[in-house]
Amino acid sequence: MNIPFLDKWRKRSPVRRDQALAAAFEDDPEGVAELLSECELLRSQAAAVGLELDDTPSSLAALDQLLPLWRDDPEALPWLGNDAGLYLGTVVVRTVTGATWHVWPGGTPVVRLVSGRELAVVEAGLDWAVQGVPELSQMYAEASEG
């Protein structure tokens, strides 16, 4: 039986796990951007305290004002920080002219501004979740200035 897509699938070169997101981004940047914007854990935590994350800069300021109760759960902390960074990136991409998602070859998602500067939003989100700084709204303000 000749099934062309199976032949192509069998011949494909293996992609390392850390390169999978970069490869997916090359194939479908809009789909990956949609996936990055889900931030399910952060959205559910925010909803639990009555905060709707509507992908606007004001929602970043509201997140900065939350009591950091998540710091009591060391297992959830890195996941929440990751989501916070992806949410920050989502807001920047959706509201700052020319900002786009970019995925480094190692699989790290960053936001590239029109100036060429890249924001390591996941790293910023992790720092925010663990230490409270930088504030997400401050990171957004810096991104929207230049």
Side-chain angles (χ1 to χ4, degrees), residues 5-6 8-10 12-146:
F5 79 87
L6 280 179
K8 184 178 179 181
W9 180 78
R10 286 185 189 128
R12 70 186 170 129
S13 58
V15 175
R16 288 186 11 216
R17 187 173 280 196
D18 62 347
Q19 296 173 335
L21 184 60
F25 185 75
E26 284 182 25
D27 291 342
D28 184 11
E30 291 173 6
V32 171
E34 190 63 33
L35 179 67
L36 295 175
S37 72
E38 287 183 4
C39 315
E40 190 173 324
L41 179 61
L42 181 69
R43 290 181 190 275
S44 67
Q45 294 265 337
V49 294
L51 175 60
E52 179 188 354
L53 299 182
D54 58 0
D55 301 348
T56 62
S58 61
S59 65
L60 293 171
L63 278 171
D64 288 336
Q65 300 305 312
L66 291 179
L67 288 174
L69 300 176
W70 56 83
R71 291 186 189 141
D72 295 336
D73 186 352
E75 288 184 27
L77 189 59
W79 296 103
L80 190 75
N82 187 72
D83 274 10
L86 294 176
Y87 183 70
L88 168 63
T90 297
V91 174
V92 171
V93 167
R94 292 186 177 171
T95 61
V96 175
T97 304
T100 59
W101 282 108
H102 179 71
V103 178
W104 289 340
T108 303
V110 296
V111 172
R112 184 175 287 163
L113 302 176
V114 73
S115 67
R117 179 175 162 225
E118 291 182 341
L119 303 174
V121 291
V122 172
E123 184 179 312
L126 289 167
D127 288 345
W128 173 83
V130 173
Q131 303 166 0
V133 292
E135 289 185 337
L136 300 175
S137 58
Q138 180 62 34
M139 288 288 297
Y140 175 83
E142 291 172 12
S144 65
E145 287 175 357

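Position 1 is the first residue of the sequence; numbering continues from there.
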Q: Are side-chain heavy atoms of Val49 and Gln45 found at a separation under 4.5 Å?
A: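 Side-chain contact under 4.5 Å: no.
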
Q: Considering only residues two or more places apart or on different chains, which pairs with a residue in residues 64-85 satisfy salt bridge (Lys or Arg N to Asp or Glu O under 4.0 Å)?
A: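 Passing the test, one end in residues 64-85: no pairs.
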
Q: Using 0.5 Å steps for rounding, measure from the CD atom of Glu142 to the CD atom of Glu135.
A: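 With rounding to 0.5 Å, CD (Glu142) is 11.0 Å from CD (Glu135).
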
Q: What distance do Arg94 atom CZ and Asp54 atom CG have between them, rounded to the nearest 0.5 Å?
A: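 Going from CZ on Arg94 over to CG on Asp54, the span is 10.5 Å.
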
Q: Is there a side-chain contact between Leu86 and Val122 in this structure, where contact means two heavy atoms from C-beta onward sitting under 4.5 Å apart?
A: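 They are in side-chain contact.
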
Q: Compare all side-chain heavy atoms of Thr97 with those of Val114 and state whether any distance is below 4.5 angstrom.
A: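 Answer no - side chains too far apart.
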
Q: Write down the atom of Ala129, the atom of Gly81, and the distance for their closest heavy-atom approach.
A: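 Of all heavy-atom pairs spanning Ala129 and Gly81, the closest is CB-CA, 3.5 Å.
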
Q: Could you tell me whether Asp55 and Arg43 make a salt bridge, using a distance below 4.0 angstrom between a side-chain N and a carboxylate O?
A: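 Yes, this pair counts.
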
Q: I want to check something: taking the side chain as every heavy atom from C-beta on, are Trp101 and Leu36 in contact at a cut-off of under 4.5 Å?
A: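 Counting from C-beta outward, Trp101 and Leu36 do come under 4.5 Å.
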
Q: If you count every heavy atom of other residues, nucleotides or ligands that lies below 6.0 Å from Glu34 atom CD, does the total exceed 12?
A: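 Counting other residues, nucleotides and ligands, CD of Glu34 stays at 12 neighbours or fewer.
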
Q: Measure across Val111 and Gly89 and return the closest heavy-atom pair with its distance rounded to 0.1 Å.
A: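 Between these two residues, the closest heavy atoms are CG2-CA, 3.6 Å.
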
Q: List the atom of Leu51, the atom of Ala62, and the distance in Å for their closest heavy-atom pair.
A: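 Heavy atoms of Leu51 and Ala62 come nearest at CD1-CB, 3.5 Å.
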
Q: Test Leu113 against Val92 for side chain to side chain contact (heavy atoms under 4.5 Å, CB included), laying out the working first.
A: CA-CA 9 Å; Leu113 302 176; Val92 171; 4.1 Å; yes

Q: May I ask you to decide if Ser37's main-chain N or O and Tyr87's side chain share a donor-acceptor pair within less than 3.5 Å?
A: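 The answer is no, because no donor-acceptor pair under 3.5 Å joins these two groups.
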
Q: Heavy atoms, side chains only, cut-off 4.5 Å: are Val121 and Pro109 in contact?
A: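 Not touching, per the 4.5 Å side-chain cut-off.
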
Q: Work out which heavy atom in Pro134 is nearest to a heavy atom in Ala124; give both atom names and the distance.
A: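 Closest approach of Pro134 to Ala124: CD-O, 4.1 Å.
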
Q: Could you measure the distance from the CG atom of Leu77 to the CG atom of Asn82? Nearest 0.5 Å is fine.
A: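 So the CG of Leu77 and the CG of Asn82 are separated by 11.5 Å.
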
Q: Sequence neighbours left out, what passes ring-ring contact (aromatic ring centres under 6.0 Å, His included) with Trp70? Give chain and number order.
A: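 So Trp70 forms a ring-ring contact (aromatic ring centres under 6.0 Å, His included) with Trp128.
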
Q: Heavy atoms, side chains only, cut-off 4.5 Å: are Leu63 and Leu42 in contact?
A: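 With C-beta onward as the side chain, the pair touches.
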
Q: Return the set of residues passing salt bridge (Lys or Arg N to Asp or Glu O under 4.0 Å) with Asp28 (not counting sequence neighbours), or none when no residue passes.
A: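 Residues passing salt bridge (Lys or Arg N to Asp or Glu O under 4.0 Å) with Asp28: none at all.
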
Q: Determine whether Thr95 and Thr56 make a side-chain contact, defined as any pair of heavy atoms from C-beta on separated by less than 4.5 Å.
A: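 When only atoms from C-beta onward are counted, Thr56 and Thr95 do not touch, as no gap falls below 4.5 Å.
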
